Amino acid sequence: MTQTRTIIIECLRFHPETDEAPYYQSYEVPFTAEMSVLEGLQYIKDHLDGTLTFRWSCRMAICGSCGCMVNNEPVLSCQTFLRDYHPSRIRVEPLAHFPILRDLTIDQTDFLAKLESVHPYLIPSADDDPGDQPRNQTPDQIQDYLGYAQCINCLLCYAACPQYGLNEAFTGPAALALLHRYNADSRDAGKAQRMDVINAEEGVWGCTLVGECSEVCPKHVDPARAINQNKIVSTQDYFLRFLKPRGRR
Amino acid sequence: MKPRSHEPIFWSLFGGGGMLAALVGPILVLIVGLLVPMGMGFGPDAMGYEQMRALLGHPLVGFGLAILIALFFFHAAHRILHTLHDLGVHATPRLKQICYGSAVGGSALAVLVALVLVVRA
Amino acid sequence: MNPPRTYTRGMQRWWLRRPSYQFYLLREGTSVVIALYGVFLLMGMAALAVGPGAFEAWRAVLFSPLSWLLHLVVLAAFTFHAWTWFKVLPLTVPPFKTRRFPRGFSDATLNRMALWAWGVVSLVILVAALRGLQ
């Protein structure tokens, strides 16, 4: 299967030094059956137009760099294949809802701040130091968080979430899923520190369960579940705090 | 530290209303709106005044229906408010007051009517 | 160093971008029908409290062909609401783990349990109505 066909790739272009607004530019790209959209973009950069800017690294769907919109669908361009679109043309755009830095690259600053805000690391309790010993977990304890730990920060879920697009303050799917990943870990004791992120208007309450975050996730992380489980957690915390002793609310 | 959202109150009411609307809504609409008026399985005098008066005079039925209606209102108020936001109408405090205010008003009215029906049964 | 100039795209008519967004708005839209149906039931209750004349007027509306047609739409909206509600319900219920089911239940099982509950509740109400409302 080395038969070469041609597909038209339409890219959104934007160079901040020269362009007032983004525009589309079409390229005719020869491709073979095993070529991904990312390889199509690389062909453009190497042979047709060296000014096209896009991010990529691993080419095997684990680094999370090459996310983009292909025909309005947020995908990893390395595991999306040109053959599945031919003979139609494809339209490649930067991930939706994010500011465009240059061509297909987006500005992730906002997400990185949110990721930091959820304390995405194990916070052990002070009296729980295993010393040199390994900290064992049962298979069930691992299953509690393993799915959420698969996140590669590719941001497809943010590009699929209209609530993030409508309100940039929303903490968003990946950050909240990672918050839940650490809360669900038996080795972690940092729930209290993450509670105000959950409880905020911009926390789990920014979600209206459109559900698309879980649909587009290439690693099947299921942020929609993480967020909606924590709506229950937040609701319990909201009402039960009145039963807690003073000073601990 | 971000302020705590009061959404749990409204979300709980939304959830309760949504659950009841899902569990009993379709059959209620089917019986009251279609089967009884079309006379399918029901006689022509079904849901007559005397019969309904006696039925809703029972506190369990009267207040039960009032609570069902109230939760329908809170369910809808919550979703409508958020959908307006989705459609580009920002949820200002005033809009929130209108949405949840109507739900509170409608619920109060439903409970009041149920009270009249039960007390004067 | 100044942050680079970026371009932010708008959310104009975002629901046209994916069919699932339209499905979502349709799901949320059922709430308008639910609110209106609540108002209609409340009017019936109020008419009942006012007296036989008012209630017969409300009942006459209910028995009109236009009402049948509208109630078909209302039934469709409620059924769509119920179907989608039970579909996403497993995402929201906390996983209840028992000794026999240490991993809790799958979404499909929870969804099936909810649909069964829906069916049983509906059947009980239907039988009660068939017996009581003659």
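Lettering follows sequence order; numbering is per chain, from 1. Fair warning: this is a prediction, and the values are worked out from it, not measured in the lab.
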Could you pull out every donor-acceptor pair under 3.5 Å between chain A and chain B?
{"unit_1": "A:Q163", "atom_1": "NE2", "unit_2": "B:D86", "atom_2": "OD1", "d": "2.8"}
{"unit_1": "A:N199", "atom_1": "O", "unit_2": "B:S5", "atom_2": "N", "d": "3.0"}
{"unit_1": "A:E201", "atom_1": "OE1", "unit_2": "B:S5", "atom_2": "OG", "d": "2.9"}
{"unit_1": "A:D237", "atom_1": "OD2", "unit_2": "B:R4", "atom_2": "NH1", "d": "3.1"}
{"unit_1": "A:D237", "atom_1": "OD2", "unit_2": "B:R4", "atom_2": "NH2", "d": "2.9"}
{"unit_1": "A:Y238", "atom_1": "OH", "unit_2": "B:H6", "atom_2": "ND1", "d": "2.6"}

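Annotation: A:E17, atom CD; neighbour count of heavy atoms from other residues, nucleotides and ligands within 6.0 Å is above 12.
If you measure heavy-atom distances from A:I232 to chain B, the contacts under 4.5 Å come from both the backbone and the side chain.
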